[in-house]
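The structure appears below as structure tokens.
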Amino acid sequence: MSEDKELWMTRAAACELLALSLRYPTDELARILASGEWADAAREIAAALGAELSEDAVAELPAGDEGEVSSARVEEVLRELRPEATHLFIGAPNPSCSPYEGIWRAEADGVQPLMFVNPCSMEVERYCHACGLGSPDGTNEPLDHVATEFELLEILALRAAGAVEQAEGEGWAVPDAELPGGSASAAYDQFVADHLSTWVPDFAERLFTEARIPFYRSVAGLLSAFLAAKS
């Protein structure tokens, strides 16, 4: 594998892990966390990107169970993760750490944040559509959710690596030449510069501060390592 392709594949792996970690917790997330795979992957990704991931960021995570993770263990982990995800990202009346770029950008500009209809959210939506990514069927979640932004970057990184042959389907229907900037790598870099780097550093800092369990502090540490590798 060429050095350039290997870098894009590492970026894709980082974006995939971060997207999974920042969505509402699933069985898949609970299983890889309980098995120790999450911590191992975070260390490997940071090292491959040439970024420093503090060992403190993952030291409190499970070292991994012997053998296959049981369903009971998955449920136990979910019972810890889900209330914390609700506290951080959903909240009542407000989340401790909003996962939406438009909310952060509005607050930074000193204006009232509005879901869906703020200029930033609409700009992200147009960008996603230009890259062939839309909302999943049956949902109306804004596309400026932090996990969706990482899903977009994962697709663009895979395309930049040439990892999957271009085909019809989510994230692959738009020819490379029609992507923003004229290529997958250019579209990736442009989105990081215009969007991710403008708010995710502050998001990661607040996530670390507001998190009450080790996992989300670890996610904040991986976010910071990923962003440092892009600087």
Side-chain angles (χ1 to χ4, degrees), residues 11 14-25 29 38 42 45-46 49-58 60-61 81 83-128 133 141-154 156-157 180 187-231:
R11 288 172 176 167
C15 293
E16 180 183 23
L17 186 61
L18 285 166
L20 176 65
S21 302
L22 291 163
R23 286 284 181 207
Y24 192 72
L29 176 60
W38 194 98
I45 287 168
L49 290 173
E52 183 176 349
L53 179 66
S54 168
E55 185 56 33
D56 290 344
V58 293
E60 296 180 83
L61 295 182
L81 293 180
E84 183 66 359
T86 299
H87 157 72
L88 290 167
F89 306 134
I90 301 173
N94 297 308
S96 297
C97 188
S98 174
Y100 297 103
E101 179 183 345
I103 300 296
W104 283 83
R105 297 280 289 272
E107 290 178 350
D109 292 340
V111 299
Q112 179 67 32
L114 298 172
M115 293 286 282
F116 295 100
V117 296
N118 66 79
C120 178
S121 297
M122 292 187 289
E123 183 181 334
V124 171
E125 182 173 349
R126 286 193 294 270
Y127 202 98
C128 288
L133 183 68
E141 180 178 276
L143 294 178
D144 63 334
H145 189 288
V146 62
T148 304
E149 294 196 357
F150 276 109
E151 288 167 3
L152 170 66
L153 291 176
E154 178 193 357
L156 292 172
Y188 180 102
D189 289 340
Q190 183 178 324
F191 191 83
V192 170
D194 293 349
H195 293 281
L196 205 75
S197 64
T198 67
W199 73 284
V200 172
D202 291 336
F203 171 83
E205 183 177 342
R206 188 180 298 178
L207 178 60
F208 184 87
T209 300
E210 295 291 340
R212 302 173 300 186
I213 62 173
F215 173 67
Y216 285 108
R217 290 193 292 272
S218 301
V219 175
L222 181 59
L223 275 170
S224 296
F226 176 85
L227 293 164
K230 285 298 299 173
S231 61

Considering all heavy atoms of both residues, which atom of [X] and which atom of [Y] are nearest to each other, and what is their separation?
| X | Y | result |
| --- | --- | --- |
| Cys15 | Leu153 | SG-CB, 3.6 Å |
| Ala46 | Ala225 | CB-CB, 4.5 Å |
| Ser96 | His87 | OG-CE1, 2.9 Å |
| Phe226 | Ala14 | CD1-CB, 3.8 Å |
| Pro95 | Leu88 | CB-O, 3.2 Å |
| Leu196 | Pro201 | O-CD, 3.7 Å |

Problem set entry | Note, Val192 side chain near Leu227 side chain (heavy atom, < 4.5 Å) | no

Let me confirm one number: the [atom1]-[atom2] distance from [X] to [Y], rounded to the nearest 0.5 Å.
| X | Y | atom1 | atom2 | value |
| --- | --- | --- | --- | --- |
| Leu152 | Leu143 | CG | CG | 9.0 Å |
| Leu223 | Phe208 | CG | CZ | 12.5 Å |
| Leu18 | Ile45 | CG | CD1 | 7.5 Å |

Exercise. Among all residues two or more places apart in sequence or in another chain, which pass the side-chain hydrogen bond (donor to acceptor under 3.5 Å, both in side chains) test with Glu84?
Worked result: Arg212

Exercise. In terms of side-chain geometry, is the basic nitrogen of Glu101 or Arg105 positioned less than 4.0 Å from the acidic oxygen of its partner?
Worked result: yes

Exercise. Is a donor on one side and an acceptor on the other found under 3.5 Å between the side chain of Ser224 and the backbone of Ala220?
Worked result: yes

For this session: Could you tell me whether a side-chain N or O of Asp144 sits under 3.5 Å from a main-chain N or O of Gly102, the two making a donor and an acceptor?
Result: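 Here the side-chain-to-backbone pair exists.
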
For this session: Give the ring-plane orientation class for Tyr216 versus Phe89, where under 30° counts as parallel, over 60° as perpendicular and anything between as tilted.
Result: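 Ring orientation of Tyr216 relative to Phe89: perpendicular.
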
For this session: Dump the intermediate steps for side-chain hydrogen bond (donor to acceptor under 3.5 Å, both in side chains) on Trp38 and Ser21, then the final yes or no.
Result: CA-CA 9 Å; Trp38 194 98; Ser21 302; 2.8 Å; yes

